[in-house]
There are 2 protein chains.
Amino acid sequence: MLDRFDLQMLTALQQDARLPIPELAQRVGLSAPACYRRLRALRESGLIEREIALVAPKTMGWPVTMLVLVSLERDHSRIVDALIARLQTEPEVMDLWYVTGEQDFVLHVAARDMASYEAFTRRVLHDEEQVRSFTTLVVLGQPKRAGALPAI
Amino acid sequence: MLDRFDLQMLTALQQDARLPIPELAQRVGLSAPACYRRLRALRESGLIEREIALVAPKTMGWPVTMLVLVSLERDHSRIVDALIARLQTEPEVMDLWYVTGEQDFVLHVAARDMASYEAFTRRVLHDEEQVRSFTTLVVLGQPKRAGALPAI
DNA sequence: GGTGAAAGATTGACCGC
DNA sequence: GCGGTCAATCTTTCACC
C-alpha cells in the first residue's frame, strides 16, 4: 500500500524525473537512502513504468501526427488481442487506447508526411480484415502533453 | 542542425532517460563530457521538453480515463486560445490535442470515478459557451503509451 | 571534442527501532 | 518490516587543452 511518502515521490517524479533524490528525500522528510529504497520498490513493482525523455515528434523527423478512431467488424477478444499485438509493434503508433462505444480503438500515430501516413493506413488498417472503418483527425497542435496527475 | 549523435541520443533517451551517459557516450562514439554537453544543449533548446516518470493514472488515484472529442460553436482563434489556456490548467487533463475536421479538440482526461468525470464535464465543457458538443470514449485499456519514435 | 580532477548522486553494508 | 548513518562507487560537472 502506498503511503504519503510514495505518493509525494510519484507526484514529483512524474513532473521531473531528474530531480536529485537527496533533494526529494529532504522535501518529503526521508533520508536519501530510504528514498532510494522506496524508489527501487516503485520501479520494480512497475508502479513507475518507465522514465523517459519527452521529445516532440517533429524533432525526430515525424512532423505530422494523427488521432485515428478505429471501429472493428466484431470485438471478439481473440481478434482484439491480435490487433493490439500488431499495433504495439508499429513504430508509428505512439499511443494506443482500447475504448468503449462506437469506436473500438484510438491511435496516436506519427508520420513523415501525408503520403507515408496513407501508406501506414493501407498497410495496418485497410488491409486488416477486422477493421470496419476508421476516421482520421489531423493534429494541428498538442498544447498539453503527459500532464502529471496529483495524488488525490 | 541535429547530427547523428544527437539523433542517436534522443532515440535512446526517449526509451530510457536513466541510461547512464557514459554508456550512451560509448554507444554513440563520443566521450562522456562531449555527450553531456550535447545533452545540455538539447535540454536548453527545448528539443528535450522534459524528463518524466510514467506512472499509471490509477496508481495516483485516477482509475478511469476518457478520450473526449470536443466540437466548438465556431473556431475563431481568440476562442480557441482561451479554451486551450483553460484546459491546460485543469489537472484532470493529461493530454490535449487541437485537431482538424468534425471535432476541434481531443482531451485525455483522468477521473476518480464516473461521478467526478461528470462533474468535470459540467464544469469545463457544459458550462463553456463555446463548446457545441462532445463525445466521451471510455478507455478500457492503454496497451501502448508514449512509444518512442526512431529517428528517420 | 578530449582529458583529468572535483563535486554530487547512487548503492551497499550495517545498526537500531 | 521500516528507517538511519557511513563509506565505496559511479555519474555528472567543470576546469583546461
Euclidean distance, atom CG of residue L39(A) to atom P of dC2(D) [Å, nearest integer]: 15 Å

For nucleotides 14-17 of chain D, give me every protein contact, N/O to N/O, under 3.5 Å, one pair per line with atom names.
unit_1, atom_1, unit_2, atom_2, d
dC14(D), OP2, R40(B), NH2, 2.7

Whole-Å gap separating C1' (dG4(D)) and OH (Y36(A)): 16 Å

Show me, pair by pair, the donor-acceptor contacts under 3.5 angstrom made by side chains of residues 145-152 of chain A, not counting sequence neighbours?
unit_1, atom_1, unit_2, atom_2, d
R145(A), NH1, V55(A), O, 3.1

K144(A) side chain vs L96(B) backbone, donor-acceptor pair below 3.5 Å: no

Euclidean distance, atom CZ of residue R38(B) to atom P of dG2(C) [Å, nearest integer]: 9 Å

N-O pairing of R43(B) and E49(B) below 4.0 Å: no

Gap between atom CZ of R132(A) and atom CD of E73(A) - 0.5 Å precision: 5.5 Å

Nucleic acid contacts of residues 6-23 of chain B, taken as heavy-atom distances under 4.0 Å to DNA chain D: P20(B), I21(B), P22(B)

Residue pairs involving residues 83-93 of chain B (criterion salt bridge (charged side-chain N to carboxylate O under 4.0 Å, His left out); sequence neighbours excluded): R86(B)-E90(B), R86(B)-E128(B), E90(B)-R123(B), E92(B)-R123(B)

Output side-chain donor-acceptor pairs under 3.5 Å for residues 32-42 of chain A, partner residues at least two apart or in another chain, one line each.
unit_1, atom_1, unit_2, atom_2, d
R38(A), NH1, D3(A), OD1, 2.9
R38(A), NH1, D3(A), OD2, 3.2
R38(A), NH1, D6(A), OD1, 3.2
R38(A), NH1, D6(A), OD2, 3.1
R38(A), NH2, D3(A), OD2, 2.9

Set of residues satisfying ring-ring contact (aromatic ring centres under 6.0 Å, His included) with respect to Y117(A), sequence neighbours excluded: none

Within 6.0 Å of CZ in R74(B), more than 12 heavy atoms from elsewhere: no

Between P of dT11(C) and CZ of R43(A), the distance in whole Å: 7 Å

